[in-house]
Amino acid sequence: MSDLYGKLILAMAILLCSAVVVPFTAEKRKLAGWLNFFFVAVAGAILLSISYSVIFVKSLPTQLVSVGPLNIYFLLDAFAGFFLGIIALMAIVSAFYSIEYMEHYDDYGLRSYYGNYPIFVLGMAAIVTVDDLSTGFTIAWQAMTITSYFLVRFEHRKPEIVRAANKYLFLMELAWVFIVAAAFIAGTSMGDSIHAVTRSLGGAHGAVPYLVYGLIFLGFGFKAAVFPFGQMWLPDAHSIAPSPISALLSGVMIKTGVYGIIRTFFWMVPHTETFHFSGAFWGALIASFGVVTLFIGTVQSMKQSQSKRLLAYSSIGQIGYIIFGIGAALFMVNAESATLQMLGLIALVGVIYHVLNHAVFKGLLFLTSGSVLYSTGTKDLNKLGGLINLMPVTAVVAGIASLSISGVPSFSGFASKWTLVSTSLLAGGEAPFLVIFGIIALFTSAVTLSCYVKFFGMTFTSAGAEWGVGREIKEVPAGMLIPKLFLTALCLLQGLIPFFYFRTIIGIFADSGGSLVSAAFRNMHVQDHVFNSAMGVSVGIPGLSSVSSVAVPAVLLAVFAAAFAFAAFLRRAGGSKEREVPTWLCGYQDLHDKTRYRDKSMFAALRNLLYWTGGNVKE
Amino acid sequence: MDILIAVINVLIFLTLAPLFEGVVRKLYAKVQSRMGPPIIQPYYDLLKLLGKETLSAGNWAFRIAPMMALASIITAVSLMPLGYTPGFLTQYGDIITVIYLLTLGGVSVLLGALSSKNTYAMVGASREMVTIIMVEPVLAMTFILGALKAKSLAIDAGMMSSLNGSYGISMVLMLVVFLMALQAFVARQPFDIAEAEVEIMEGPFIEYSGPGLALFKYYMMIKQMFYAALFVAVFVPLIYTGYYVVDVAVQLVEILMVFVLISLLGSTNPRLRIDQAVKYYAVLIAVSLVAVGLTAYGI
C-alpha cells in the first residue's frame, strides 16, 4: 500500500517538471496553456487516485519519505485524502479554464504564470499531506505562498496590485512564523512528526499549551481568513488575481487553513494524566470567532460594488460558517452529555461537507465573474446589467451557483448549512449560546442571499451593460464554458444526493485514526443516527425527539416541480398572448443611462444600519 | 390518508386565499367609508388577469419568476400541518426548510423585479430584500422557540409545542413580537414599503401584466394566509378535538379573525419609510432573541 507515497512524490515531480518546461513555450500562449493543463491533469489524476484509495479503501499511517537529501514525514489518511482530492479537482478545472482565459491579458507575458501555477498546486497538495510543523511544513507553505504571491501580482504594472500582493506575502509569512514558533515552543526539533509534537505537548504545563494552540490558531486563522485577519488580505488578493487563480485561492487555498485548524484541534491533542485539553474552552473560542467572521464577512460582501470583491468577502463569510462549525463541534464532542457529543459529530460532518460545497460553488462563481470580466472588461456592478440574453449559458451557471451558495433547498449549500444550523439549534437545551450562534448563522444566510441577488441581478438581469460597457458583448468561448458546466453538474449532484456525502465523510473520520473523534465515530455508530430517506438525510438523536431534523432535497424538488407545473398551467390557461415592450417609467422618461438603477443604491437602508461592520465602499 | 391530507391542505389554501383577500379589501373600504368591492372580487381579478395579454421584458428570468414564487409558497403550504394534523409531506421538511422556502418566494419576486429592468421595480426589489433580511429572523425565532420546547426541528413538533406543553413568558413575548411583525410579513401598511402603490407603482410588479401579475397576486394572497395560519397554529391553540374537519374549521375561523386584525391595522396606519422600518425591525429582532434566550433557559 505504501506505494501511494511513491505516487504522491511522482505527482509532485510531474508538477515540478511542468513548472520548468512550460515557461519555455510561453511565447505560444495557447500551447503553453494546453501543456500546463496536460501536466496538471496527469498529476491531478494521480492525486485523485490516491485520494480515492485512501478514502474508500484504506487510510495509511505516517511514513518517513526521503525527498532528495531530506527525510520528511508524510501522512495519507482519509482526512488528508479528502482535501487532496478537492485540491486536485479544482486545479485541473482551473488549468483548463486558464487556456482561454489568459488570452485576454494580451499585454502580459505568461512565463511567470505557467511557472508558478504547478508549484502552487504542489504546495497545496504538500501542505495537506506533510506530517510535521517544521521542515516539510515550511517547504510546503513557502511553495504555496511565494508562488501564489507571483500569481496574485500577475498584472505587475499596476502599482495598487503590487501593493496588495506585497501585503498578502507579508501576512502569510507572519502566519508561517506563528505556526513554526508554536511547534518549537511545544518543544520539538526540525523534522519531527505531528505525533512527536503531540507527545512533547503532553508534557507541557501552565500557559504553554494555550500559547501553542493560540499561535497555531492565529497562523491558520490568517490563512483561512478568520475575522479580523482575513479582512487584511483576502478581499484585495482574491479580487486582483486572475480569475482562475481567484477560484483556486478562494475555493481551495483558504481551505488549507481549515485543514490545519481541524488537524490541530482534533488530532494534535495529547492524552496524558498531567495534560488536560480544554476542548470546551477552545471550542467556544473558535465558534465565537466563526460566528463573528460569518456575520461580518457576509455583511461586508453585501456592501461591495465590484463583483470579485463581493465574492471575496463572501468567501470570508462562508469560511466563517466552517470555522463556526469546527468550534461548535469541538465544544460539543468534549461535552459530558451523549446527546451533545452526537450532535458535535454530525456538525463535524457538516463542516467537511461545506468545505467541499464551498470549493465547488465558489470556484464556479469566480470562473463566472472571470467570464464576465473577459467579455465586458469590467468588474464594476454599476456598469453591468442585462447580460442574461447576451451570455445565456454563463447566466444559467451563475444562477445555479448563486442558489447553491445561498442555501436554497435542493441545492448543495442547503444540505451543509442545514447540518451546521440544525445541530447548533438542537444543542440549545444544553448549551444556550449555541442557539444564539445558530440564529445568527441563519440570519446571515438571508444576507448571503442578498449578496447573490445583487451579484446575479446587477450582472445578468436589470439593465446597464449597453451603456456601461463600450464594446460588443458575446458569450465566452467553449474552453471557458466546459469547466463551468462541469462544476455546475457537480454542484447539482452535491445538492441532490447529500446522503452519499454524509456517509463518505463519516467513513473518513472513522478511518483516520488518532483523532479526538475517530473512536467516537466508530463507537457511537453515527451512521445509525443519520438516515437515508428518499435520497435525503434525516437526523435522529437519543435524548431528543424521535426524528429531530430532516433535509430531503429530492422530495421537496418533486413537490416544487409539481407546483411549478401547476403555475405554468395557470399561466397558459387563459390563452394569453405575449408581446415584448420597452420598459415603462410612467411615461415621462425612457430607460437610459441616467434613469437606470445603479448598484450603489442597492440595500442602502440596510447598509446604513450596518455601517459599523466596516468594509464600506466609498462613493 | 396522509397524502390526502397534504392535498386537501394545499386545496384549502388555493381556494380560500382569494376569499380572505376579499374580506381584507371589504374591511379596508368600510373603514374608509367606501362601499368596497364584493368579497369574491379577487377571484374575478385573477381569472380576468389570466386571460389578458402578457407584456414581457424579453428574458427567461422575467417569465419564470412568477411561477417560481407561486411554486415555492405552495411547497411551503404542503408541509404545513393545518388543523394540527401533519400531512404526508410534513415529515419531509423541517423548520429550516420552511424558512428557506418562504425566502425563495421573496427571491422570486426580486428576480422578477430585477429582470424587468424597470427602475421603480429595482427600488422595490432593494426594499423587499432589506425587509426579507430583517423580518426573516423574527419568523425563524418563532419556529425556533417551538423547536427548543419540543427538542426537535420537525415542523409539526415545533408548531404544536404550545398545544402540547406550557405557554410561558417567552411565548407571550414572542406572540407580541409576531403581532408587531405581522403587517410586515403580509406586506400591508405600515410596512407595504416594497410595493407602495402610490409611491413606486407596486414596485416589483410594475412591469407585470396578465398571467404573470395574476400568479404574483395569487402568491401574495397565499403567503398572507400562510402567515395567518402560522400565527394561529403556534400562538392560539384553542382546542384540539382530534376530528380533522372540526380542527381545520376552528383554525379557519381563527385565521379569519387574524385577517380582520390585519385589515384594521392596515387601514388605519400610514406607510413608514424603509429606514424607519429597518430600525423598528431591529428592535423586534432584539426582543425575539431575548424570548429565545429565555426559552433556552426554560422560562
Side-chain angles (χ1 to χ4, degrees), chain A residues 386 388-389 407-409 414 418 421-422 425-426 428-429 432 435-436 439 442-443 446-447 449-450 453 457 461-463 544-545 547-552 555-556 559-560 563-564 567-568 570-571 573-581 583-586 591 595-597 601-603 605-606 609, chain B residues 50-59 61 67 70-72 74-75 78 89 91-94 96-97 100-101 103-104 107 110 114-115 117-119 122-123 126 129-130 132-133 136-137 140-141 144 147-148 150-154 157 201 207 210-211 215 274-275 278 282 289 292-293 296-297:
Chain A
I388 190 166
N389 288 339
V408 171
F414 174 71
W418 167 84
V421 173
S422 67
L425 292 181
L426 286 172
V435 180
I436 305 296
I439 291 171
L442 199 57
F443 168 76
V447 183
L449 188 65
S450 77
V453 161
T461 62
S462 79
L544 301 173
S545 299
V547 170
S548 311
S549 196
V550 276
V552 185
V555 172
L556 281 180
V559 177
F560 187 86
F564 193 85
L570 275 189
R571 190 170 173 274
S576 152
K577 296 265 186 308
E578 189 171 317
R579 180 161 61 95
E580 208 171 308
V581 290
T583 309
W584 182 71
L585 294 183
C586 305
L591 187 66
T595 55
R596 73 189 176 88
Y597 194 78
S601 319
M602 208 78 176
F603 315 140
L606 194 63
L609 186 77
Chain B
L50 285 177
K52 288 269 185 186
E53 190 183 31
T54 307
L55 302 179
S56 156
N59 58 59
M67 296 189 274
L70 189 62
S72 61
I74 291 177
T75 312
S78 74
L89 291 168
Q91 54 183 315
Y92 287 108
D94 63 6
I96 302 176
T97 321
Y100 275 112
L101 280 173
T103 314
L104 184 62
V107 170
L110 296 177
L114 287 160
S115 59
K117 302 182 192 167
N118 193 304
T119 310
M122 311 258 273
V123 173
S126 168
M129 188 73 235
V130 172
I132 291 174
I133 292 175
E136 198 199 76
M141 284 188 264
I144 291 167
L148 279 178
K151 287 191 187 302
S152 164
L153 296 183
M201 276 53 72
E207 287 287 326
L215 295 185
I274 185 75
D275 56 323
V278 162
L289 263 180
V292 170
Y297 285 104

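Per chain, numbering begins at 1; letters A, B, ... match sequence-line order. Everything numeric in this text was worked out from a predicted model, so none of it was measured.
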Min side-chain heavy-atom separation Leu570(A)-Met67(B) under 4.5 Å: no
Heavy-atom pairs under 4.5 Å with chain B: which of Val421(A), Leu425(A), Ile436(A), Val408(A) has the most? Leu425(A)
Is Ile133(B) close to chain A through its backbone or its side chain, or both, or neither, when contacts mean heavy atoms under 4.5 Å? both
Can you find a pair of side-chain heavy atoms, one from Thr97(B) and one from Phe414(A), that are under 4.5 Å apart? yes
Using non-hydrogen atoms and a 4.5 Å limit, figure out which bit of Ala568(A) sits close to chain B: side chain, backbone, both or neither. both
Partners meeting side-chain contact (heavy atoms from CB on, under 4.5 Å) with Glu53(B) (sequence neighbours left out): Arg579(A), Leu55(B)
Hits for side-chain contact (heavy atoms from CB on, under 4.5 Å) against Ser126(B), two or more places apart or cross-chain, chain-then-number order -> Tyr597(A), Met602(A), Phe603(A)
Chain B shares the most heavy-atom pairs under 4.5 Å, among Gly457(A), Pro432(A), Gly386(A), with Pro432(A)
Side chain, backbone, both or neither: which part of Met141(B) has an atom under 4.5 Å from a heavy atom of chain A? side chain
Nearest 0.5 angstrom please: Ser115(B) OG to Asn389(A) CG, how far? 10.0 Å
Most heavy-atom pairs under 4.5 Å with chain B, out of Phe443(A), Trp418(A), Phe560(A), belong to Phe560(A)
Mind ranking Ile439(A), Val435(A), Leu442(A) by heavy-atom pairs under 4.5 Å with chain B and telling me who comes out on top? Ile439(A)
Residue Ser72(B) versus chain A: region with a heavy atom under 4.5 Å: both
